[in-house]
Structures are given as structure tokens and as C-alpha cells.
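Each remark here refers to the structure printed beneath this line.
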Amino acid sequence: MNLKELYQEIILDHGKNPRNLGKTENFNKDASGHNPLCGDKVHVFLKLDENKKVEDISFEGQGCAISMASASIMTDLVKGKEENEVKEIVKDFLEMIKEAPELKSKNLKDDEKTKLMCLSGVKQYPMRVKCATLSWHTLTTAIDKTQDEINKGNN
Ligand code: ZN
């Protein structure tokens with residue numbers, strides 16, 4: 001199996017059997033995102049503990065295989081990491097998916113980088129980049145949302 005086949009295999013697997021699908025119990029951050037170009041929708045639920053570590057994360061949504069696989073892989077990777085590590089990983093991923101040849105984050109293990117690099121193929125298809133980044137932007141929105149905004153019910 002070459003690298004490209006391995007990548008496709010992982011995307012298909014996550015697209016068919018998304019990890020962390022559903023609504024996390026007792027989530028304290030959430031946000032929804034929409035990619036009108038493709039019709040993808042995603043809602044990310046996050047539970048941060050008192051040390052701002054991601055205790056649990058899940059998502060609900062519907063869309064193309066790329067958007068669902070990306071959300072699945074993302075939730076898998078950020079679970080158990082601290083908020084500032086998560087932000088750094090998001091930034092690293094967004095740079096990679098747009099132009100950077102590789103991931104630089106020290107917060108990612110080699111096997112985690114391999115999973116993310118599966119999505120690097122969308123670089124050749126600018127329309128699909130938004131499918132891959134939707135859940136990541138939504139995660140950032142959820143993390144950055146202040147308690148005030150949550151109380152007001154802004155989404
Ligand atoms: Zn899509």
C-alpha cells in the first residue's frame with residue numbers, strides 16, 4: 001500500500017464510521033458552522049475542564065466524506081489536549097491544508113500527523129479545502145466564545 005492509498009483508506013474509514021459523533025454530555029462550549037459551497041454542516045460540542053483541557057469533544061453534522069472525515073479526525077486528535085495546544089494544532093493544520101508542505105506542531109505525535117496529512121490531498125482542489133477546514137474553524141469559534149455570548153445564546 002502506498003502513501004496515497006493509505007491516506008484514502010483512513011479518510012474512507014473516518015467518513016463511513018465517524019468517531020465522536022453525537023452530543024457530548026455536559027458540554028460547556030459549542031458552535032456550528034456551514035459551508036454553503038458544498039452544503040456541509042457541522043456542530044462541535046466541547047467540554048473543557050477547569051484546567052482548560054479538552055475533557056470531551058464530539059460533533060454532529062452532515063456533509064461530504066471529506067468534511068465528515070475531517071471532523072472525525074479532528075475530534076480524535078484534540079481530545080485530552082489543552083486549549084492552547086489545540087489552538088496551535090488548528091493553526092498548523094490550516095497552514096498545511098492551504099500551502100505548507102508539512103505539519104510543524106510539537107503537540108502532535110507522528111501517527112497523529114499521518115492522520116492529518118491524509119487530508120493534504122484536498123490542496124489540489126480549492127473547492128474542497130473549505131470542506132476540510134469547516135470543522136476546524138467551528139472548533140475555534142467554540143473555544144473563543146465567551147461566557148457572555150453563550151449566556152445570550154448567540155451562535
Ligand atoms: Zn464538502
Side-chain angles (χ1 to χ4, degrees), residues 1-25 27-48 54 56-81 83 85-105 107-145 149-150 153-155:
M1 196 186 274
N2 65 31
L3 197 59
K4 205 177 160 194
E5 285 167 343
L6 171 72
Y7 283 178
Q8 284 171 348
E9 190 91 344
I10 296 176
I11 290 184
L12 280 176
D13 176 42
H14 277 269
K16 273 188 203 154
N17 307 297
R19 318 296 195 274
N20 310 302
L21 192 64
K23 197 185 273 186
T24 297
E25 251 179 77
F27 65 90
N28 47 24
K29 301 251 179 187
D30 76 305
S32 57
H34 179 215
N35 170 22
L37 287 176
C38 178
D40 310 312
K41 282 181 185 161
V42 68
H43 197 129
V44 174
F45 303 92
L46 199 59
K47 189 180 181 201
L48 291 179
V54 179
D56 207 357
I57 179 169
S58 68
F59 75 101
E60 286 180 338
Q62 52 189 31
C64 65
I66 296 286
S67 66
M68 292 298 105
S70 185
S72 173
I73 292 170
M74 176 191 81
T75 52
D76 236 12
L77 287 194
V78 305
K79 201 183 272 190
K81 294 194 164 62
E83 188 190 77
E85 293 175 342
V86 172
K87 284 189 171 179
E88 204 254 348
I89 292 168
V90 172
K91 190 168 160 277
D92 199 25
F93 173 77
L94 293 178
E95 279 171 11
M96 182 279 284
I97 210 80
K98 281 171 196 153
E99 53 193 9
E102 56 191 14
L103 294 157
K104 297 185 220 55
S105 175
N107 296 314
L108 289 167
K109 297 189 214 90
D110 282 348
D111 64 317
E112 295 177 324
K113 284 185 182 170
T114 303
K115 281 188 198 157
L116 282 184
M117 287 307 286
C118 295
L119 296 159
S120 63
V122 303
K123 259 187 259 198
Q124 299 155 41
Y125 310 96
M127 290 280 291
R128 308 314 298 274
V129 168
K130 285 192 191 304
C131 301
T133 58
L134 174 66
S135 54
W136 298 76
H137 287 303
T138 309
L139 172 63
T140 305
T141 306
I143 288 177
D144 287 343
K145 216 188 260 184
E149 287 171 303
I150 292 168
N154 287 351
N155 241 326

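Counting starts at 1 for both ligands and their atoms, following the listed order.
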Looking at Asp40 and Lys130, does any basic side-chain N land under 4.0 Å from a carboxylate oxygen?
no
The protein N, O or S atoms lying under 2.8 Å from the Zn ion (ligand 1) are Cys38 SG, Asp40 OD1, Asp40 OD2, Cys64 SG, Cys131 SG
May I ask you to say whether Glu83 pairs ionically with Lys29, meaning some side-chain N is under 4.0 Å from a carboxylate O?
no
Considering only heavy atoms from C-beta outward, does the side chain of Asn17 approach that of Arg19 to under 4.5 Å?
yes
Flag the pair Phe59 / Pro18 as yes when at least one side-chain heavy-atom distance between them is below 4.5 Å, and no otherwise.
yes
Member of Leu116, Leu103, Asn107 meeting the side-chain contact (heavy atoms from CB on, under 4.5 Å) criterion with Asp92:
Leu103
Step through the shown structure and confirm whether more than 12 heavy atoms of other residues, nucleotides or ligands are within 6.0 Å of CG on Asp111.
yes
